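Along the sequence shown, residues are numbered consecutively beginning with 1. In each ligand, atom 1 is the first atom listed, and ligand 1 is the first ligand listed. Since we're looking at a predicted model, the values are computed, not measured.
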Amino acid sequence: MNIQPQDYPLQDVYAVIGNPIAHSKSPQIHEMFAKQTNQNMKYGLLFSEVDDFEKTVQDFFAAGGCGLNVTVPFKNRAFAMCDELSSYAQAAGVVNILWMENGKLFGENSDGLGLVKDLMGESDNLKDRSVLILGAGGAVQGVILPLIKAQVASIVIVNRTFEKALELVNRFNTEAEQVGAHLGALESHWIENLDEPFDIIINGTSTGLTSDSPLTSVQASHLAMICETKEKTVVSYDMVYGKQTAFMQQMQEQGFVVKDGLGMLVEQAAVAFQLWRKLPDSLSLDTNLVLKTLREGL
Ligand code: ATR
């Protein structure tokens, strides 16, 4: 049932808006953050019919709502509604966080930052790491700038449709050059010609929602072969959570360490929470505890 800000006059009210939305773990995550930091707030679900998204957002803020997380399929429409956008939101072209300030609607994108923070938990530091990203759609667009800012050495974007990978490389080349990172685009068939190993392989395609993998079994074993030379563990990451995807299965069979996107979900929520509640950066939320609790409930 949709949360109504007027039902909680003594609390700051937040929600996640999407369609569908009942499955969302965001209320659970934000409730745990609120407990950790003693915040007097309420976080609920907001379902919107596809045609009514803009009105649902406007009504929520008009009723005193303080902030929204935005999920599928509304992230690009949320972007279009904003009066002010952060640099990450502008780079991503979609937003997952909305809030009002001085009558203006602000938008931020913390999905990419969430991914970077989750990956950092794995290896402390992304500096000088080489990253292979599969996919060049909306999800990938949001992670390129945060990865560049984390000073990775290189990002190779592989996509079925080469032009889309190339378009992303052209879009982010200036930022990459500024930190000395190398950006490259590749059409999927060329994976078998790669000969340099990677530290991190990310599936950012939408195949997680189906039973497909973006890699053929020959490509997966080729990646395992070239990455064998790495002394450190090579992480293979799927942005999807709550299920074992075909990509995860394939990479596990090839001996990679496999991670799902649940940590990314928790970390992007932590960014939203700190931003909304104006908490100092020094106050760190215990995202590991939240992640552990969620995993126990899966
Ligand atoms: P999202 O917002 O989830 O990123 P999107 O913008 O539609 O969704 O992008 C989907 C991405 O997954 C694209 O990179 C798409 O490849 P194409 O650009 O060639 O369409 C990729 N994708 C979807 N299904 C795929 C499949 N079966 N194999 C490989 N890539 C796939």
**Asked** Which residues satisfy the side-chain hydrogen bond (donor to acceptor under 3.5 Å, both in side chains) test with Glu84, sequence neighbours excluded?
**Response** Lys104
**Prompt:** Residues two or more places apart in sequence or in another chain: which of them pass side-chain hydrogen bond (donor to acceptor under 3.5 Å, both in side chains) with Glu192?
**Reply:** none
**Message:** If you count heavy atoms of other groups shown closer than 6.0 angstrom to CD of Glu31, is the number above 12?
**Reply:** no
**Prompt:** So does Lys259 pair up with Asp118, basic N to acidic O under 4.0 Å?
**Reply:** yes
**Request:** Could you please provide the protein residues found below 4.0 Å of ligand 1 on a heavy-atom basis, arranged by chain and number?
**Result:** Gly135, Ala136, Gly137, Gly138, Ala139, Asn159, Arg160, Thr161, Lys164, Thr205, Ser206, Thr207, Asp212, Pro214
**Prompt:** Is NZ or CZ of Lys149 both nearer than 6.0 Å to the six-membered ring centre of Tyr88 and within 45° of the ring axis?
**Reply:** yes
Show the atom names and distances, to 0.1 Å, of all donor-acceptor pairs under 3.5 Å that link a side chain in residues 264-280 to residues at least two apart or in another chain.
{"residue": "Glu267", "atom": "OE2", "partner": "Thr287", "partner atom": "OG1", "Å": "3.0"}
{"residue": "Gln268", "atom": "OE1", "partner": "Asn96", "partner atom": "ND2", "Å": "2.9"}
{"residue": "Gln268", "atom": "NE2", "partner": "Leu265", "partner atom": "O", "Å": "2.9"}
{"residue": "Gln274", "atom": "NE2", "partner": "Pro280", "partner atom": "O", "Å": "3.2"}
{"residue": "Gln274", "atom": "NE2", "partner": "Leu283", "partner atom": "O", "Å": "3.3"}
{"residue": "Trp276", "atom": "NE1", "partner": "Leu98", "partner atom": "O", "Å": "3.4"}
{"residue": "Arg277", "atom": "NE", "partner": "Gln39", "partner atom": "OE1", "Å": "2.7"}
{"residue": "Arg277", "atom": "NH1", "partner": "Asp12", "partner atom": "OD2", "Å": "2.8"}
{"residue": "Arg277", "atom": "NH1", "partner": "Tyr14", "partner atom": "OH", "Å": "2.8"}
{"residue": "Arg277", "atom": "NH2", "partner": "Asp12", "partner atom": "OD2", "Å": "3.4"}
{"residue": "Arg277", "atom": "NH2", "partner": "Gln39", "partner atom": "OE1", "Å": "3.2"}

